[in-house]
Every structure is written in C-alpha cells, then in structure tokens.
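First up is the structure itself, then whatever we jot down about it.
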Number of protein chains: 2
Amino acid sequence: MIESCLYRKLSHYVDIDDDSWDILARLEDAEESYSASAVVREIGTSADELFVVKSGWFYSFVLLPDGRRQIVSIRHPGDVVGFADIAYENACDTLVAASDGVLCPFPRKHLQRVFTDAPRVAALLFTLAVRDQVLLTDLLKATGRMSAREKLAYFLLELDARLRITNPDKTSFRLPLNQTEIGDTIGLTNVYVSKSLVALEQQGLVSRKDGDITILAPDVMKAMCDFQDRHSQMDVGWFPGAEDDPHVGSKP
Amino acid sequence: MIESCLYRKLSHYVDIDDDSWDILARLEDAEESYSASAVVREIGTSADELFVVKSGWFYSFVLLPDGRRQIVSIRHPGDVVGFADIAYENACDTLVAASDGVLCPFPRKHLQRVFTDAPRVAALLFTLAVRDQVLLTDLLKATGRMSAREKLAYFLLELDARLRITNPDKTSFRLPLNQTEIGDTIGLTNVYVSKSLVALEQQGLVSRKDGDITILAPDVMKAMCDFQDRHSQMDVGWFPGAEDDPHVGSKP
DNA sequence: CGAGGTGTTGAGAACCATCAATTGCCGTGG
DNA sequence: CCACGGCAATTGATGGTTCTCAACACCTCG
C-alpha cells in the first residue's frame, strides 16, 4: 500500500510514519483515465474530491462570459489537484486533461480522518496547498507586470524547474500545450506567443525542435523575469513531530 | 481569552469547542502597532510567524528588479496573513501597512500544536488558506484577461464584498489606497487607473466623494467582470466533527 | 510660503490584439 | 494514392488599448 499515488510526491519532502501512510493509502479510490482535452470536472459542479495526478498533464481554467480564458494552474504527475475547491461546495475552475493521463481521486470528506489521525500528513497537505498559492503569486507577477518575452521566459523556466524535480538532468522537455493555451496562462494571444517565441529563439535564449524546448541561457532568462525556483526547496521544520529533521530540501 | 484576535474571524464560519480556543488564545503573542506605509516584514527575511489583522489595512507585494510592483493581496481586520510563507523559510512577499493598524503575531512553530491538538482549527486555517488561493485566481483572471474598466469593476466589487462581511449594510467605503497601489494590484498604471475611474463615473456605475466610493450599479458591474462573491459563503462540511453543521454560510 | 504626495488631463508612442492569409502536418475518407 | 478538412504555427498589416512623459491643480504639512 506504500505504492499509493501520493507516496512518491509526499515522500520527496518528508518522512511520514507507516500508520499515517496506511490512512492515506486506504483513502485513495481506484484511478481514472482521461484522454487529451477530456473534461475532468466542470466549474460550478460539485467538488467533493481531490485528485492526485498519476500520469499526464492537466490544467484548470476559468472563462469570462465572452470566451476569454485564464488558465490558473498546470498540473503534473505527483501534483495534488483541487485544493482551491475545498473551501467551497462547487468547483471554482474547470479541470481538463492536457494530454492523456490518469488521476487518483481522493474524497474530500476523508480529509476529516487525515486531520484527526495523521496531523503530519495534514500539515504536509497544508504546505502543498500553500506552495500552490506562492506559485499563483509568481504567475500573477508575470501576468500583471511583465512584457511578453519576460512572461514567456517565466513560463518556460517554471515548467523546467517543476520537471526537474522528477528529472533533474533533463535539459529539454516536451510541451503538450499549444500556443493558445500558453497565452491563456500568461495573458497573451496565441499570435503574440508565436512571435515572442520566435524572438526568444533569435536571441539565442531557447531552441525548439519537433515540439521539444531547450533552454539555452537559463541565467539570462532568470534575470529577465526575476525567476525563483519554488520546487527544489520546501520548509517542513514546523511540522508536528519534526524536531529531528528541521529542513528537508530537494531529493537526497 | 475568548476575545483573541482570531475569535471574531473564525467564529464567523464555524463553532469550535472551548478547548481548541484555549489552545489558540495561548498561542497569540502581544499585538504590534504599525503606522501607515510601515514595513512589517521584508521579502526574503525570516518568516516565522503568521499575523492576524486586528485593525487597519495591510497589503503584500513583490517587486521586479527595475521597480515594477505587483500587489498580491490586500488584508483587512480579521484576516490571517502569511500563509504563503509557511512552505518556505523566508517571506515570499513584502508586507506593509496601508493605513495605521495593529497585528497579532502567531509564531509559526506553534502550528504544530494546532495540528496535533485542535484538528478542527487546523482544518479551518487550511480552509482560509485555500480561500486565499481562490481569491488569487480571481485576481489572476482580472489581470490576465480583463480590460482596464473591467479590472477596476472587479477590484471595487471585491473590496465591497469583503467589507460587507463585517458591515453588511454599508453602501460606500473609504479606500486607503492611492491609485498607484490600485494599479499595482490589477496591473495598470496610476494614470490609467485615474482615467478608467473617471470613465466608470461618467457611465454612472460608481461615484466618489471625498475619497469614499459608492457602487451605484452593482449588477451592471458584476456582469462586466463576471464577479463572484467568495466571502459570503464557505463550505466547512468536511471538517472533523462537523457532522451536525454541514454548511455554515454567512453571519446568522 | 514651499515641498511633497496625489489626482487629473493631454499628446505621443509602444506594445500587444485583431484580422487575415499562408504553410505544414496529420488523420480521415474517398 | 490522393483529396480534403482541421488543427497548429507563422507572418504581415492594421488598429486599439494602454503606457510614458509631461504639465498642472489640489491638498496637507512643514
């Protein structure tokens, strides 16, 4: 049961005793498969479960009445999805599959048992939710105050940093998002995403080859957008029962 | 001790037994006063406490190296500030006082005891953090995908909705933020905030008088920006020991 | 009275959006 | 096999929203 969907994600950051893991493992339902662009749950519908991404990319977005779209988070394997809806009865955004993928649902009402019986896990979930919040402020900084090229630099660096958690040595990555989706994430049109990507390429900052992206000058790009890696480190020193491992950073 | 800073805020949403309140009350330190535009804590410095706002307005922001600023949250009396930094050792944004005000610090490491001894309070804090996240996605939608006037409509409606929690009948409110700060929140310049406010006034949607703002046509403005009130309702049905009060909404 | 902060207004420019046309790619079906 | 349609990316022309820069009025406070 230690092979639950959450295990690989959470054990990256913190040691959790077997009893707590037992609780988590028993809470996970059977997994669900989705094909690319399938809608997992629509905005406004009942949101009574969290999901753990087992494979594939997902993202969630909100729409304005006239069709303008804002993508608010992109989710990768190991991510926990749906924190934003815990405070409300109905989903605050629409969740779709960006590629084929598999989710493990986790009924929201089971969180009760996590909070009463596994405080260390509850604290970790809390921390993950709060980390999402920091990522949102980074994205807000980009959409609110950056030029198109700076936005793209941020967008690519953020994806790169996230993917390095599981693949520290990958120098390039495949982007299963089209340019309209990229634009809807950082507040641009698909047309200007294209033009700005070409510009970044001509500056020698990135290169593209059959849909794969390589970041050629990470330092220049990080300076462009004041980038900060939120993934390689998290502070779990305040966790219950954590006196002996005050700060757990990246993968050992 | 029931008169702690957190009490009025949290009791709005949920009943919590006296033992849990005792724990919370004992955790709160002495309060701290700040005068307008004072810096509470700088980005990058150690973030080992949460704050509860007792009085006044505060906001937190991030800066780009060249001075561009993005305000990421505005905080009012009763709000809990600092969730975003729980996941990291150092503060992810700079917190300043928008007006004179008072904060109650709450050492982060005391959260241990909340998670182990007061799971219902832990769940509520979790929910509040997650609600902040939803507010951030609303702001992201505004900065990323709205026109200047729509952004301002959102900004004013959001403040109005928040202030109505404590003052349900107020039809106008005072804004202790200058137009540069408004612009830094929704991604505009101070100049364009001024022009857009004048435009909203000429449309008959809002009126201003000695710094007070009145929303004249809330329905029109809500339609403009697809506004949703995140403050009047929260779902606490999944809380530990909450079987008997599944959904607690606004103030009774 | 002068200084600084704030809001307003105008002219011009810059950045990005919109619209439209073209290309390439892929899967489908004739 | 080829024709066809659809999706995605690119490119160019044009226009609009917003920014920048500047000047001015107003208020408060020293």
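Bear in mind that the values here come from a model prediction, so they are computed numbers and not experimental data. Just so it is clear: chains get the letters A, B, ... in the order the sequence lines come, proteins before strands, and each one is counted from 1.
- Across the protein-nucleic acid pair, A:Tyr192 atom OH and D:dA13 atom P stand 15 Å apart, rounded to whole Å.
- With salt bridges taken as basic N to acidic carboxylate O contacts below 4.0 Å, none links B:Glu32 and B:Lys54.
- Distance CD/B:Glu201 to CG/B:Leu216: 9.0 Å, rounded to 0.5 Å.
- Among the heavy atoms of the strands, none lies under 4.0 Å from B:Arg68.
- For the residue pair A:Thr45 and A:Glu42, no side-chain donor N or O sits within less than 3.5 Å of a side-chain acceptor on the partner.
- The CD atom of A:Gln179 sits 12 Å away from the C1' atom of D:dT11 (whole-angstrom rounding).
- Straight-line distance from the CE atom of B:Met146 to the P atom of C:dA17: 16 Å, rounded to whole Å.
- Taking the six-membered ring where tryptophan is involved, the planes of B:Tyr34 and B:Phe58 are perpendicular, since the angle between them exceeds 60° and thus also 30°.
- B:Val198 comes within 4.0 angstrom of the backbone, heavy atoms only, and of no base.
- Between B:Leu197 atom CG and C:dT6 atom P there is a gap of 15 Å when expressed in whole angstrom units.
- Looking at heavy-atom distances under 4.0 Å, B:Leu188 makes contact with sugar-phosphate atoms alone, never a base.
- Between D:dA9 and A:Ser194, no contact under 4.0 Å exists linking OP1 or OP2 to a side-chain N or O.
- A donor and an acceptor atom, one from each side chain of A:Gln233 and B:Tyr88, are nowhere located under 3.5 Å apart.
- Rounded to an integer number of Å, the gap from CG of B:Asp184 to C1' of D:dC19 is 14 Å.
- At the phosphate of C:dA17, OP1 or OP2 sits under 4.0 Å from a side-chain N or O atom of A:Thr189.
- DNA chain D is contacted by both B:Val191 and A:Asn190; A:Asn190 maps to the nucleotide lying nearer its 5′ end (nearest heavy atom per residue).
- Backbone-only engagement by B:Arg208 is indicated by non-hydrogen atom pairs under 4.0 Å involving sugar-phosphate atoms exclusively.
- Between the CG atom of B:Leu175 and the P atom of C:dT6 there is a distance of 13 Å, given to the nearest Å.
- Comparing D:dT18, C:dT9, D:dC19 by their closest approach to the side chain of B:Ala148 singles out D:dT18.
- Residue B:Arg145 contributes atom CZ, which lies 13 Å from atom P of C:dC16 at whole-angstrom precision.
- Rounded to whole Å, atom C1' of C:dC15 lies 11 Å from atom CZ of A:Arg149.
- The residue among B:Ser196 and A:Asn178 whose nearest nucleotide of DNA chain D is located toward the 5' end is A:Asn178.
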